[in-house]
Amino acid sequence: MGSLETTASAQVPGEQLERMYRSMLQIRRLEEEAARAYVQGKIGGFLHLYIGQEAIAVGTEAALRKTDWVITTYRDHGFALTRGTSSRAVMAELFGKDAGCSRGLGGSMHMFDAENRFLGGHGIVGGHCALGSGVAFRSKYLKTDEVTVCFFGDGATNIGGFHEGLSLAGLWKLPIVFVCENNLYSMGTPLDRTLPARDLTDKAPGYSMARDRFDGHDAVVVQAHMSEAIERARRGEGPTLIEILTYRFRGHSMSDPGKYRTSEEVEERKAKNDPVRVGRERLSNAGFSEAAIAAIDAQVEEEVQDALKFADEAAPALESSMREFVLAGGEL
Amino acid sequence: MTQKNMVQAINEALRLEMQRDGRVVVLGEDVGKVGGVFRVTQGLWDEFGDDRVIDTPLNEAGIIGTAIGMAAYGMRPVPEIQFADFIYPAFDQIVSEAAKYRYRSGGEYTCPMVIRTPYGGGIKGGAYHSQSPEALFIHTAGLKVVCPSNPYDAKGLLAAAIQDDDPVLFFEPKRVYRAVKMDVPDEAYTLPLGEAKVVRPGEDVTVVAWGAMLYEALSAAETVEAQGISCEVVDLRTLWPLDLESIVRSVEKTGRIVVVHEAPKACGFGAEILQLVTEQSFLHFQAPPARVTGWDTPFPYTLENEYLPLAHRIVPQLIATANY
């Protein structure tokens with residue numbers, strides 16, 4: 001693992017590091033503003049923040065082609081952004097506006113973007129694993145070299161949908177990479193109370209899959225590991241089960257006060273493993289000046305503020321949409 | 001035109017649709033080499049091979065979930081659930097994902113797929129091989145539900161369902177599979193979804209049925225005809241979207257309605273049909289709307305003929321309704 005990381009760092013060009021930092025900061029700042037808007041009552045329902053885990057979405061995107069597919073859980077804002085959905089469309093979806101990426105019908109947990117091959121946000125834990133297999137089946141059926149990456153949380157690995165999706169992918173050697181973002185808590189319960197296995201990739205041999213397990217707070221490291229698995233799938237050598245160790249800095253959702261972990265634990269993680277800070281340090285080390293980095297910060301800030309204003313002022317979801325998107329042709 | 005039973009008609013519809021459209025694939029338990037537990041997919045594997053006629057392990061949630069992913073990315077999968085009673089492990093996939101894909105993505109993605117599954121009693125299958133779970137899916141917005149009663153309808157409706165842009169539950173009456181033979185065109189054709197058919201015109205009582213129970217309704221109608229009661233029998237063919245207009249037209253002529261279905265009475269589709277008709281045709285009623293259904297019990301083994309709403313149970317209801 002060590003050599004892979006060293007090699008990866010050595011080869012990353014400055015523009016790539018800049019893209020990664022910009023993307024992580026975009027997710028971070030957009031979600032921080034979303035959290036504020038939530039508290040102000042402008043976003044309703046549930047809001048699951050990705051803050052602390054940004055390096056995973058960003059590092060993965062750097063390993064993907066635009067023609068590849070991503071499918072994930074309800075903690076999906078970061079993936080919509082890395083796939084290419086605009087900050088405006090993501091924020092407007094959170095605000096429940098017609099201009100949102102799902103027409104304001106989905107909300108936080110249901111971001112979709114067909115043009116950017118983002119197959120969404122799924123709120124039923126583990127249920128989407130088989131969907132990922134279906135998409136990968138289509139890629140193989142069409143004899144393309146596209147790859148699907150399917151993300152899920154540690155909680156999903158106990159549910160039947162996970163097992164059934166991985167069984168078929170393993171059986172049919174589909175071009176898919178299954179990635180567990182292990183943030184150490186199944187909502188509020190620590191993993192030693194919910195998981196029979198300490199190493200989730202122990203499950204991989206049962207599906208005849210390759211495996212990998214690594215720490216995911218550095219986008220460069222994530223990219224290096226993900227590239228291996230993605231290219232293996234692309235070569236037709238079958239799926240990989242990956243566990244990425246990570247940590248969410250906020251609660252499970254906005255309504256979670258996080259009493260199941262100490263503030264010392266959270267602060268220690270933030271101090272040691274903040275993906276955005278790591279990304280910034282990588283830029284500095286690559287020779288970016290403080291002024292150059294500040295310019296990136298300013299651009300991201302401008303984009304996020306623009307998205308916020310856009311979402312706030314946009315027209316609400318249309319009442320007609322409620323019927324229009326149930327069946328084809330809006331027939332009801 | 002050749003005489004075909006429903007198994008042959010459905011098999012032919014699948015073959016023709018697969019020949020017409022490379023996006024159509026069949027997947028499920030034993031559907032490939034074996035040709036399906038009821039042999040509905042027989043011969044398809046020989047013609048289309050492993051890529052398009054796909055044997056799966058026993059994992060209904062995986063089968064349906066995978067089919068949803070295929071559909072979201074532009075395929076037209078036709079998964080088979082071996083018995084409708086085995087659909088419950090996939091219920092979450094159907095209700096949470098397939099039915100809501102178009103809606104929760106604001107139209108970014110759709111889920112054009114047909115879930116074929118044999119349903120209903122008549123083969124002494126007991127509690128796990130006889131149920132009629134159609135109401136659960138009708139209750140779920142975003143799904144269409146089809147249930148043919150004869151080979152001709154089955155072939156045309158299945159082709160239409162495969163060409164439809166929404167997820168369709170296609171319930172096949174296993175009791176009818178080989179029991180009915182009729183002329184079915186050899187070439188491809190479709191029948192529109194959402195259209196009921198008056199299969200026996202009458203004046204006194206409207207009888208609504210579908211699938212295997214249509215034959216019981218017709219038999220009961222025949223019996224009471226001798227007693228001077230004229231029944232109009234409507235075969236729903238598509239359960240949802242419901243062709244309410246055809247039922248209302250009939251009820252406003254006869255003033256009486258009896259719905260027949262195999263599923264239990266409580267929250268069965270009959271309740272919804274009768275209420276919808278009541279809302280529109282209340283002042284036309286000459287008798288209380290009535291149901292003849294399965295009992296509110298698990299499906300029995302030896303007592304199958306006592307459970308099912310067979311003609312001998314329908315006849316007294318028709319007489320009571322006509323003479324109210």
Side-chain angles (χ1 to χ4, degrees), chain A residues 69 71 93 98 100-107 109-115 117-124 126-142 148 150 160-161 163-169 171-172 174 317 321-322 324-332, chain B residues 22-23 25 27 50-52 54-77 79 89-90 92-113 140-144 164-168 193-194 240-241:
Chain A
W69 289 84
I71 181 167
E93 188 59 35
D98 186 52
C101 55
S102 304
R103 305 295 296 269
L105 293 172
M109 293 193 263
H110 310 281
M111 303 262 165
F112 289 89
D113 187 342
E115 192 189 331
R117 300 202 154 184
F118 178 50
L119 200 74
H122 292 79
I124 305 294
H128 67 293
C129 293
L131 272 61
S133 296
V135 174
F137 182 97
R138 173 64 161 162
S139 295
K140 189 176 179 182
Y141 185 82
L142 289 172
T148 298
C150 175
H163 169 63
E164 299 202 15
L166 270 69
S167 289
L168 293 176
L171 177 67
W172 296 332
L174 297 178
S321 291
M322 197 165 69
E324 188 181 342
F325 295 107
V326 177
L327 293 171
E331 49 185 281
L332 258 197
Chain B
R23 299 173 302 170
V25 295
L27 67 159
D50 272 334
D51 282 355
R52 299 186 64 194
I54 306 151
D55 280 321
T56 68
L58 276 71
N59 63 350
E60 282 79 9
I63 295 166
I64 299 301
T66 304
I68 294 167
M70 292 173 174
Y73 187 9
M75 296 186 87
R76 298 265 162 169
D92 177 36
Q93 290 290 351
I94 299 169
V95 171
S96 302
E97 311 299 351
K100 296 175 177 54
Y101 237 86
R102 179 188 298 278
Y103 181 87
R104 64 195 192 87
S105 72
E108 285 288 295
Y109 291 96
T110 59
C111 191
M113 66 192 287
T140 302
L143 301 174
K144 291 180 178 174
D164 196 85
D165 288 332
D166 289 305
V168 179
L193 304 185
W240 201 263

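By convention in this document, chain letters (A, B, ...) are assigned in the order of the sequence lines, proteins followed by strands, and residues within each chain are numbered from 1.
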Undergrad: Using the test side-chain hydrogen bond (donor to acceptor under 3.5 Å, both in side chains), find all partners of N59(B) that sit at least two apart in sequence or belong to another chain.
TA: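 Result, side-chain hydrogen bond (donor to acceptor under 3.5 Å, both in side chains) vs N59(B): none returned.
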Undergrad: Considering non-hydrogen atoms only, spot the tightest contact between A61(B) and A130(A) and give its length.
TA: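 Distance-wise, the nearest heavy atoms are O-CB, 4.2 Å.
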Undergrad: Any idea which of Q93(B), E97(B), R104(B) has the most non-hydrogen atom pairs under 4.5 angstrom with chain A?
TA: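 Among Q93(B), E97(B), R104(B), the one with the most close pairs to chain A is R104(B).
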Undergrad: At their closest point, which heavy atom of V135(A) faces which heavy atom of G69(B), and how far apart are they?
TA: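 In terms of heavy atoms, the two residues are closest at CG2-O, 3.5 Å.
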Undergrad: Please classify the contact of C101(A) with chain B as side chain, backbone, both or neither, using a heavy-atom distance under 4.5 Å.
TA: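 Backbone of C101(A) only, per the 4.5 Å heavy-atom cut-off to chain B.
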Undergrad: At a heavy-atom separation under 4.5 Å, does H122(A) approach chain B through its side chain, its backbone, both, or neither?
TA: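 Both parts, backbone and side chain.
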Undergrad: Non-hydrogen atoms of chain A under 4.5 Å away: do they reach the side chain of I54(B), the backbone, both or neither?
TA: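 The answer is the side chain of I54(B).
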Undergrad: With chain A, which of L27(B), D92(B), D165(B) has the greatest number of heavy-atom pairs at distances under 4.5 Å?
TA: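 Most heavy-atom pairs under 4.5 Å with chain A: D92(B).
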Undergrad: Which heavy atom of L119(A) sits nearest to which heavy atom of A72(B), and what is that distance?
TA: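 Smallest heavy-atom distance, with atoms named: CD1-CB, 3.9 Å.
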Undergrad: Could you verify whether a donor N or O on one side chain and an acceptor N or O on the other, from R23(B) and Y141(A), lie under 3.5 Å apart?
TA: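 Looking only at side-chain atoms, Y141(A) and R23(B) do not form any donor-acceptor pair under 3.5 Å.
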Undergrad: Let me know if S139(A) has heavy atoms under 4.5 Å from chain B in its side chain, its backbone, both or neither.
TA: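 Both backbone and side chain.
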Undergrad: Got a sec, which residues hit side-chain hydrogen bond (donor to acceptor under 3.5 Å, both in side chains) with T140(B), two or more places apart in sequence or on another chain?
TA: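 For T140(B), no residue satisfies side-chain hydrogen bond (donor to acceptor under 3.5 Å, both in side chains) once neighbours in sequence are set aside.
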Undergrad: At what distance, to the nearest 0.5 angstrom, does OG1 of T66(B) lie from CG of L174(A)?
TA: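 Going from OG1 on T66(B) over to CG on L174(A), the span is 8.0 Å.
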Undergrad: Which pair of heavy atoms, one from S321(A) and one from Y103(B), lies closest together, and at what distance?
TA: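 Looking at all heavy atoms of both residues, the shortest contact is O-CE1, 4.3 Å.
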Undergrad: Rounded to the nearest 0.5 Å, what separation is found between the CE atom of M111(A) and the OG atom of S105(B)?
TA: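 Those atoms lie 13.0 Å apart.
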Undergrad: Quick check on A67(B) against chain A: is it the side chain, the backbone, both or neither that has a heavy atom closer than 4.5 Å?
TA: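 No part of A67(B) comes within 4.5 Å of chain A.
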Undergrad: Please round to the nearest 0.5 Å and tell me the distance separating atom CD of E164(A) and atom CG of L58(B).
TA: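 Nearest 0.5 Å value for the CD-CG distance: 9.5 Å.
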Undergrad: For E93(A), is it the side chain, the backbone, both or neither that has a heavy atom under 4.5 Å from a heavy atom of chain B?
TA: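 For E93(A), neither part sits under 4.5 Å from chain B.
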Undergrad: Yes or no on ring-ring contact (aromatic ring centres under 6.0 Å, His included) for Y101(B) and F112(A), after CA distance, side-chain angles and deciding distance?
TA: CA-CA 10 Å; Y101(B) 237 86; F112(A) 289 89; 5.6 Å; yes
Undergrad: Who among S133(A), G123(A), G134(A) has the most heavy-atom pairs with chain B under 4.5 Å?
TA: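 Sorted descending by pairs with chain B, the first entry is G134(A).
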Undergrad: Would you give the length of the straight line joining atom CG of D51(B) to atom CH2 of W172(A), rounded to the nearest 0.5 angstrom?
TA: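 So the gap between those two atoms works out to 11.5 Å.
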Undergrad: Could you tell me which non-hydrogen atom of L142(A) sits nearest to which non-hydrogen atom of Y73(B), and how far apart they are?
TA: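 In this case the closest contact between L142(A) and Y73(B) is CD1-OH, 4.0 Å.
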Undergrad: Identify which of R52(B), E60(B), R102(B) forms the greatest number of heavy-atom pairs closer than 4.5 Å to chain A.
TA: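 It is R102(B).
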Undergrad: Side chain, backbone, both or neither: which part of D98(A) has a heavy atom under 4.5 Å from chain B?
TA: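 Contact with chain B is absent: no heavy atom of D98(A) under 4.5 Å.
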Undergrad: Over all heavy atoms of both residues, which pair between P57(B) and L168(A) is shortest? Give the atoms and the distance, please.
TA: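 The answer is CD-CD2, 3.2 Å.
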Undergrad: Tell me whether the rings of W69(A) and Y109(B) are parallel (<30°), tilted (30 to 60°) or perpendicular (>60°).
TA: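 The arrangement is tilted - the two ring planes meet at 30° to 60°.
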